[in-house]
There are 2 protein chains.
Amino acid sequence: MRPLFHPAVEDIRPEAILHALSDPDRAAIFLKVAGAGMVEACSAVGTVGDRVIPKSSLSSHFKVLREAGLIHSERHGVEMRNTVRCDEVNARFPGLLAAIMDAYGRCGR
Amino acid sequence: MRPLFHPAVEDIRPEAILHALSDPDRAAIFLKVAGAGMVEACSAVGTVGDRVIPKSSLSSHFKVLREAGLIHSERHGVEMRNTVRCDEVNARFPGLLAAIMDAYGRCGR
DNA sequence: TCCCATAGTTCGGAATCTCGGAACTAACGA
DNA sequence: TCGTTAGTTCCGAGATTCCGAACTATGGGA
């Protein structure tokens, strides 16, 4: 289990953020983590809508979000604590996250 | 050559926009069309940075942008006139396009 | 009218990405 | 030490992407 990679703020790329959030499941996961302030990955997220997300898929979704610079993951005992990096992302790309989440918010959900 | 498909404003989906613009080449193309107000596809775009984009790739990039609802394409004689649909997209997802293009702008480009 | 040139689309195959089940690893508790 | 829980890695099947080659549509001569 190799150590988790987190990009530095200045290495966060717009295309990585857009790609990460262009998947509605990942956007929903990101929203859950943001809403909870801090969430344990698999156990707490587990489903999106009424669909169960297999944990291998969940794991890779978290990886994409992490490597895009959107969340920070830290192992705490047996579980993973995930926190959003909104402040850092907002500092680098002001208004981007808000606009994206607002767009998803307007569109059904 | 089947007729070009353009989604109605209310059918434009955030994930499609994010996916379309998560490719830096496509974002650059969109920016060129937006900057020119109206641009002929292949002949006018042709390259991104110093790389030449093959016309089959260009064609599919335009298709992705079009089907995401970001541009409108209309055949005019032998060439294609492309216009951005910023007003419509802005009406549906206020601030989204501006935030995305601003993010790319801050990041080298 | 026929042919050519130009602008774009479609086709097809190789390379890359994605999904998810199965097996594996890490950390804790009894 | 063994079992349980949480998450990662591996890998095969299917979906996407890329780009050259072939094709189609339109307009302009001769």
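Here is how names work: the chains are called A, B, and so on, in the same order as the sequence lines, proteins then strands, and each is numbered from 1.
In this structure, the nucleotide among dT8(D), dT9(C), dA6(D) sitting nearest to the side chain of Glu79(A) is dA6(D).
Checked against side chain to side chain contact (heavy atoms under 4.5 Å, CB included), Asn90(A) has the following partners two or more places apart in sequence or in another chain: Cys86(A), Leu97(A). In this structure, Ser60(A) has no side chain to side chain contact (heavy atoms under 4.5 Å, CB included) partners at least two apart in sequence or on a different chain.
The structure places CG of Asn82(A) at 10.0 Å from CD of Glu74(A), a figure rounded to the nearest 0.5 Å. For the atom pair CD1 (Ile100(B)) and CG (Leu70(B)), the distance works out to 8.0 Å, reported to the nearest 0.5 Å.
Between Leu65(A) atom CG and dT18(C) atom P there is a gap of 12 Å when expressed in whole angstrom units. In this structure, the NE2 atom of His76(A) is 15 Å from the C1' atom of dA26(C), given to the nearest Å. In this structure, the CD atom of Glu15(A) is 17 Å from the C1' atom of dT17(D), given to the nearest Å. In this structure, CZ of Arg66(A) is placed 11 Å from P of dG7(D), rounded to the nearest angstrom. For Glu74(B) and dA25(D), the CD to P distance is 19 Å, given to the nearest whole Å. One atom, CZ of Arg75(A), and another, P of dA6(D), lie 11 Å apart when rounded to the nearest Å. In this structure, Arg81(A) places its CZ atom 18 Å from P of dT5(D), rounding to the nearest Å. Going from atom CE of Met80(A) over to atom P of dT8(D) covers 4 Å, rounded to whole Å.
Comparing the helix axis at one end of the helix from dT1(C)-dA30(D) to dA30(C)-dT1(D) with that at the other, each defined from 5 consecutive pairs, gives an inter-axis angle of 0° (nearest 10°).
The ring pair (Phe, Tyr, Trp, His ring centres under 6.0 Å) pairs that include a residue from residues 65-85 of chain A are His6(A)-His72(A), where partners are two or more places apart or lie in different chains.
Applying the 4.0 Å criterion to OP1 and OP2 of dG8(C), one finds that Ser59(B) has every side-chain N and O outside that range. For the OP1/OP2 pair of dT18(C) and a distance below 4.0 Å, the side-chain nitrogens and oxygens of His19(A) include at least one atom meeting the criterion.
Formation of a donor-acceptor pair under 3.5 Å by the Arg85(A) side chain with backbone atoms of Ile71(A) is not found in this model.
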Extract all donor-acceptor atom pairs below 3.5 Å that involve side chains of residues 8-19 of chain B and protein atoms in other chains or at least two apart in sequence.
{"residue": "Arg13(B)", "atom": "NH1", "partner": "Glu15(B)", "partner atom": "OE2", "Å": "3.1"}

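Between Met101(B) and Ala27(B), the shortest heavy-atom distance links the atoms CE-O, 3.6 Å.
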Using a cutoff of under 3.5 Å, can you pull out all pairs of nitrogen or oxygen atoms linking the protein to nucleotides 18-20 of chain D, with atom names and distances?
{"residue": "dC19(D)", "atom": "OP2", "partner": "Ser57(B)", "partner atom": "OG", "Å": "3.3"}
{"residue": "dG20(D)", "atom": "N7", "partner": "Ser56(B)", "partner atom": "OG", "Å": "3.0"}
{"residue": "dG20(D)", "atom": "O6", "partner": "Ser56(B)", "partner atom": "OG", "Å": "3.2"}

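Counting only heavy atoms from C-beta outward, the side chains of Pro94(A) and Asp102(B) approach each other to under 4.5 Å.
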